[in-house]
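Heads up: the structure comes next, in structure tokens.
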Amino acid sequence: MDKVRLIGDARRVMEASLAPDIEDDLTRVGVIPAQQSRSRTLRDRLIRESLDIARRVPFDDVSINDICAAAQCSTGAFYSRFPDKITLFKAVMVFAAAESGPLLERLVRDEDFAHILPKLMAAQVDRYMRQKTFFRSAFKVSLDCEEAWEPFRRNARNLATAYIDRVFGLPELDRSSVNVDRIRFAFQVMYGVLNNTLINRPGPFVLESAQFARLLEEAVVATMDLPIAGAVPGKSHDGA
């Protein structure tokens with residue numbers, strides 16, 4: 001995998017990777033259940049068009065009329081599926097998580113072990129940089145509705161589990177020396193640093209810094225404290 005493309009053709013990726021529990025997620029955030037396939041098709045088009053818009057424009061600046069024009073539907077059709085624009089954006093967050101989660105997991109499960117972390121850090125930094133506008137809107141919505149962020153929390157847990165599976169698949173590993181909680185916390189560190197850097201830009205390094213992905217990798221590796229040479233900063237890039 002030379003480079004993970006986390007957006008690319010959003011519709012193609014979305015259709016291939018929607019989580020099986022996406023309907024439950026949509027209901028949980030207040031989307032009106034779609035009883036017929038035609039209604040569900042229009043609902044999904046509204047969400048996908050809104051996700052495209054949210055990656056370019058702060059969602060506060062987008063009107064329901066703008067969204068309906070992009071999806072080529074009436075405002076009546078909108079309100080029969082979403083009670084308001086905030087509920088639509090929560091649905092957008094559900095779709096965004098359903099798109100990114102499988103792609104990141106695939107990287108962790110399929111890459112050579114020594115290359116997982118450097119490629120994952122590069123992919124995450126690239127993803128955050130290209131979706132700054134969307135994430136800022138998503139953070140704002142999640143402040144008022146903590147549950148809206150749950151699909152991303154689930155992605156983070158699943159990603160950590162996928163990495164733990166790879167760790168325990170290493171034949172040279174002494175399993176008794178691995179602290180699973182430290183690995184899970186390392187993924188929490190990764191997302192905490194990414195989110196804080198995007199929102200607060202505390203410095204001295206920002207997402208655009210050439211060293212950022214490598215420094216993030218080193219922080220994650222140090223937190224995991226794995227007893228394997230392939231996880232040591234500087235050795236993970238050998239032969240890359």
Self-check item: side chain to side chain contact (heavy atoms under 4.5 Å, CB included) between M121 and M190, intermediate numbers included
Solution: CA-CA 8 Å; M121 298 307 123; M190 175 184 69; 3.4 Å; yes
Exercise. Tell me, with the steps shown, if V220 and E217 meet side chain to side chain contact (heavy atoms under 4.5 Å, CB included).
Key: CA-CA 5 Å; V220 167; E217 178 196 348; 5.8 Å; no
Self-check item: Residues L226, V167; criterion side chain to side chain contact (heavy atoms under 4.5 Å, CB included); working and verdict
Solution: CA-CA 9 Å; L226 291 175; V167 168; 4.0 Å; yes
Quiz prompt | Steps toward side chain to side chain donor-acceptor pair (under 3.5 Å) verdict (R127, Q124) | solution = CA-CA 5 Å; R127 171 174 168 246; Q124 290 280 44; 2.8 Å; yes
Exercise. May I have the step-by-step check of side chain to side chain contact (heavy atoms under 4.5 Å, CB included) for N179 and D225, ending in yes or no?
Key: CA-CA 8 Å; N179 187 325; D225 193 27; over 6 Å; no
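Expressed to the nearest 0.5 Å, how far CZ of F82 lies from CD1 of I64 amounts to 10.5 Å. Rounding to the nearest 0.5 angstrom, the gap separating the CG atom in D126 from the NZ atom in K119 is 13.5 Å. Taking CD of E99 as the start and CG of N155 as the end, the distance is 11.0 Å to the nearest 0.5 Å. Atom CG of L216 is separated from atom CG of L117 by 9.5 Å, given to the nearest 0.5 angstrom. Taking CD of E172 as the reference point, atom CG of L170 lies at 5.0 Å (rounded to 0.5 Å). Between the CE atom of M224 and the CZ atom of R184 there is a distance of 11.0 Å, given to the nearest 0.5 Å.
Of all the heavy atoms in A34 and R43, the pair that sits closest is CB-NH1, 4.1 Å. A pairwise comparison of heavy atoms in V108 and A162 identifies CG1-C, 3.7 Å as the closest pair. Looking at every heavy atom in both residues, M93 comes nearest to A148 through CE-O, 3.4 Å. The shortest non-hydrogen separation linking F95 to L26 is CE1-CD1, 4.1 Å. Looking at every heavy atom in both residues, P102 comes nearest to A97 through CD-O, 4.3 Å. Closest approach of T133 and P58 over heavy atoms only: CG2-N, 3.4 Å.
Side-chain atoms of D24 and T27 form no donor-acceptor pair, as typed in the model, at a separation below 3.5 Å.
No more than 12 heavy atoms of other residues, nucleotides or ligands sit less than 6.0 Å from atom CD of Q36.
Residues that satisfy the ring-ring contact (aromatic ring centres under 6.0 Å, His included) test with F212, not counting sequence neighbours, are absent from this structure. For S176, the side chain to side chain contact (heavy atoms under 4.5 Å, CB included) partners are D174, not counting sequence neighbours. When the side chain to side chain contact (heavy atoms under 4.5 Å, CB included) test is applied to Q188, the partners found at least two apart in sequence or on another chain are F185. R153 pairs by the side-chain hydrogen bond (donor to acceptor under 3.5 Å, both in side chains) definition with E150, not counting sequence neighbours. In this view, R28 and D25 satisfy the salt bridge (charged side-chain N to carboxylate O under 4.0 Å, His left out) rule, not counting sequence neighbours. Under the rule for a side-chain hydrogen bond (donor to acceptor under 3.5 Å, both in side chains), S80 has no partner lying at least two apart in sequence or in another chain. A77 is linked by a side chain to side chain contact (heavy atoms under 4.5 Å, CB included) to L42, C73, S74, R81, counting only residues two or more places apart in sequence or in another chain. With sequence neighbours excluded, no residue satisfies side chain to side chain contact (heavy atoms under 4.5 Å, CB included) with D144. The ring-ring contact (aromatic ring centres under 6.0 Å, His included) search around Y191 returns none, not counting sequence neighbours.
Pairs of residues two or more places apart, or lying in two chains, never qualify as salt bridge (charged side-chain N to carboxylate O under 4.0 Å, His left out) while including a residue from residues 29-42.
With a 4.5 Å cut-off on side-chain heavy atoms, F187 and L120 count as touching. A heavy-atom distance below 4.5 Å is not found between the side chains of D66 and D61.
Using a cut-off of 4.0 Å between Lys/Arg side-chain N and Asp/Glu carboxylate O, E49 and R45 are scored as not salt-bridged.
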Can you give the donor-acceptor pairs under 3.5 Å from side chains of residues 197-209 to other protein atoms, not counting sequence neighbours?
{"residue": "T197", "atom": "OG1", "partner": "V193", "partner atom": "O", "Å": "2.7"}
{"residue": "N200", "atom": "ND2", "partner": "N196", "partner atom": "OD1", "Å": "2.5"}
{"residue": "R201", "atom": "NH1", "partner": "E208", "partner atom": "OE1", "Å": "3.4"}
{"residue": "E208", "atom": "OE2", "partner": "K132", "partner atom": "NZ", "Å": "2.2"}
{"residue": "S209", "atom": "OG", "partner": "V206", "partner atom": "N", "Å": "3.0"}
{"residue": "S209", "atom": "OG", "partner": "V206", "partner atom": "O", "Å": "3.2"}

Would you tabulate the side-chain donor-acceptor contacts of residues 85-92 under 3.5 Å, counting partners in other chains and residues two or more places apart, or write 'none'?
{"residue": "K85", "atom": "NZ", "partner": "F59", "partner atom": "O", "Å": "2.9"}
{"residue": "K85", "atom": "NZ", "partner": "V62", "partner atom": "O", "Å": "2.6"}
{"residue": "T87", "atom": "OG1", "partner": "D84", "partner atom": "OD1", "Å": "2.7"}

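Taking the six-membered ring where tryptophan is involved, the planes of Y128 and F135 are essentially parallel, since the angle between them stays under 30° and well short of 60°.
Cluster membership for V29 and I32, using ILVMFWY side-chain heavy atoms within less than 4.5 angstrom, is not shared.
No close placement of the F168 and Y163 rings is indicated, their centers lying 6.0 Å or farther apart.
Distance alone, capped at 3.5 Å, places no donor-acceptor pair between the R55 side chain and the F134 backbone.
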